[in-house]
Number of protein chains: 2
Amino acid sequence: MDIKIVDVAAKAGVSPATVSRVLNESSSVTSKTKAKVMKAIEELGYHPNAVAKNLRSQKSMTIGVIVPDINASYFAEIIKGIENVAYARKYKVIICDAENQKEKEAEYLTLLMNRTVDAAILIAPLMSDEEICQISEKGYTLAVVGRYIEHDRIPCIYTDNVKFSKEVVQHLVENGHRDIVFLSGYAEAIDSYERLEGYLKALRDYHIPFRPELIENGNFNEEGGYEAMKRLFDKNLHFTAVFAANDEMALGVYKACAERGIAIPAQLAVVGVDNNRISKYITPTLSTINQPKYTMGALLVEKLIDQMNENQFHDKRTFKVDSELIVRGSSNFRRE
Amino acid sequence: MDIKIVDVAAKAGVSPATVSRVLNESSSVTSKTKAKVMKAIEELGYHPNAVAKNLRSQKSMTIGVIVPDINASYFAEIIKGIENVAYARKYKVIICDAENQKEKEAEYLTLLMNRTVDAAILIAPLMSDEEICQISEKGYTLAVVGRYIEHDRIPCIYTDNVKFSKEVVQHLVENGHRDIVFLSGYAEAIDSYERLEGYLKALRDYHIPFRPELIENGNFNEEGGYEAMKRLFDKNLHFTAVFAANDEMALGVYKACAERGIAIPAQLAVVGVDNNRISKYITPTLSTINQPKYTMGALLVEKLIDQMNENQFHDKRTFKVDSELIVRGSSNFRRE
DNA sequence: GTGAAAGCGCTAACAG
DNA sequence: CTGTTAGCGCTTTCAC
């Protein structure tokens, strides 16, 4: 520490520029001088100061990823995908947990604005399209997971929320259900909106009248799902199935059912979204929507890095990936 | 973007120094000039360049956290604790997922060496005490979760692996078990070693002869636990309980048992470690060791930041926190 | 209370 | 192939 490039240069009997050259392999250096430099670096225990380097070279070779919650396997898998291809392309990845708070999201976005990272990948369901576009317009490099953005400089990867939500309802209807609860996430989230839309469209397709009292909000977490179900039970409404907008809320449904002695799936069918790891371990196993999380992360950084390096925009910038309904124990039951 | 402090200064009709002063509230500025500067900043959409700032001020106000795997609720909870107190103290936290690879661990450690972060919190069971001490000796600021380090500049927080492992065995013995399998994690990990030690000590306390054939390695993951159990079953050994060195491996045990039609806990008792979220959802619910994960993270950064700010070393630098055995369905059965 | 100027550690022209 | 020099954008003495 406190050893700088000039110290190495002095020790090796060369100029700082030469040391920099061997460090970055930026131009050819005699193998002899290279050896001298390496030796000096070794002996001094020199570590280049990345802050100075980044300031000078105007890049950091790091990508920031902002996620709503690090403790959700859905995001963790996406991050793994990002991490691995970024690593292969010599980029570092730093992960920022916004903990579902807009304030922290903004805080971590400054890492992008203030040039600590070269680009940011946003998984930010609370942020509006406009906000995202504005940041991009200011010249910052962004990519987005989980939604489509109408902006030709922002790579996006997403699944079709409307489509898979229709599939869920279709599956339930085909199993004899007509009174299907929809458990929504927090209202501000784009996913909430789109999944509700799919639910409504499917009902319409089947000519099932929409009953607004069957919509409840569970804020995308277990506790919220639990409370929402309690409210529904208390209202004595008739329903035979629940479509929870994510698996977390479905866990809350399980809990509420356990308390009331309601059997899943015989008395109530349940389907979630995300294919959280828990969904395959819980009893009964939870039907859910699976997305290619790892691939989504991997593909997106790939595009992002290409865009940064080639300094041009590709023809293909947005990717809609397929999701699949995984039918498990919680809904695998034909209602007569 | 591309707007610098001089641009703001020009627009506001002051010097760059003054702009810097209002930005950092470092010394008093007339409220009138302050207003002018703020206005210019606003109008120009200026964002300070943190790289330049960090270079000049020789600090970054950010802490790096290196974890073995971001997709494990155990680490995620610790990170939450770190994140929240760091945030309250004006520090940013960047998370690095080493994915259980020494190579990546080293890669991310360079963020510390190259001054991208002011300090690093290591959750690195694969790294040796010597390596950790060496880094500290070179003048880098470190803190460590999950182990005790004999070095007066490194704050540590950890639980007593030996102690809780003894408790697990005690619990099993008291329920009538004498032939207890120990499923170890990868051999290099300090946790593996210490948990085995606790297992052995407990056996000795109860005068139960140690049977080396009952030790298997499961590499701390589900697949490993599953394979290890299959090997044990194939050997036709007699045993009635399994102490898995973490919950992940215990899940593998469940799977292997399901395949062979072995009932948990009637035919085989199972206990894990970590209190992963899944352990309370799986059937039967999994007995495990719980640690105050969030608090561990929170307390450690607190100390770390204190140490950095006061530039002095506290009397109390290491924290041993209590863990608790949570007895659930997988071992709550008295063997006659 | 404010400005001028130096310099954090490095890289990238430009010479040689 | 290697050295000299300027400067990335900011903060911080030191004057005034």
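Keep in mind the model is a prediction, meaning the values are calculated, not measured. Sequence lines set the chain letters: A, B, ... in the order given, protein chains first and strands last, and positions in each chain run from 1.
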request  = Apply side-chain contact (heavy atoms from CB on, under 4.5 Å) to B:R56 and A:L55, showing your working.
outcome  = CA-CA 11 Å; B:R56 179 61 230 237; A:L55 175 60; over 6 Å; no

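Between A:N114 atom CG and D:dC8 atom C1' the separation is 15 Å, expressed in whole Å. If you measure from atom CE of B:M61 to atom P of D:dC10, you get 18 Å, rounded to the nearest angstrom. Taking atom CD on A:E25 and atom P on D:dC1, their separation rounds to 14 Å, with Å as the unit.
Across all non-hydrogen atoms, the minimal contact from B:I154 to B:A143 is CG2-CA, 4.1 Å. Residues B:D152 and B:R317 come closest through the heavy atom pair O-CD, 3.3 Å.
Atoms OG1 and NZ, from A:T159 and A:K293 in turn, are 10.5 Å apart once rounded to the nearest 0.5 Å.
Phosphate proximity of C:dT2 to B:T18: absent, as no side-chain N or O sits under 4.0 Å from OP1 or OP2.
Judged by the 6.0 Å and 45° rule, B:K104 forms no cation-pi pair with B:Y108.
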Summary of protein contacts for nucleotides 9-16 of chain C, nucleotide by nucleotide, where a base hit scores B, a sugar-phosphate-only hit scores S (4.0 Å, heavy atoms) = BBBBB---

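A ring-centre distance under 6.0 Å is not found for A:F319 and A:Y158.
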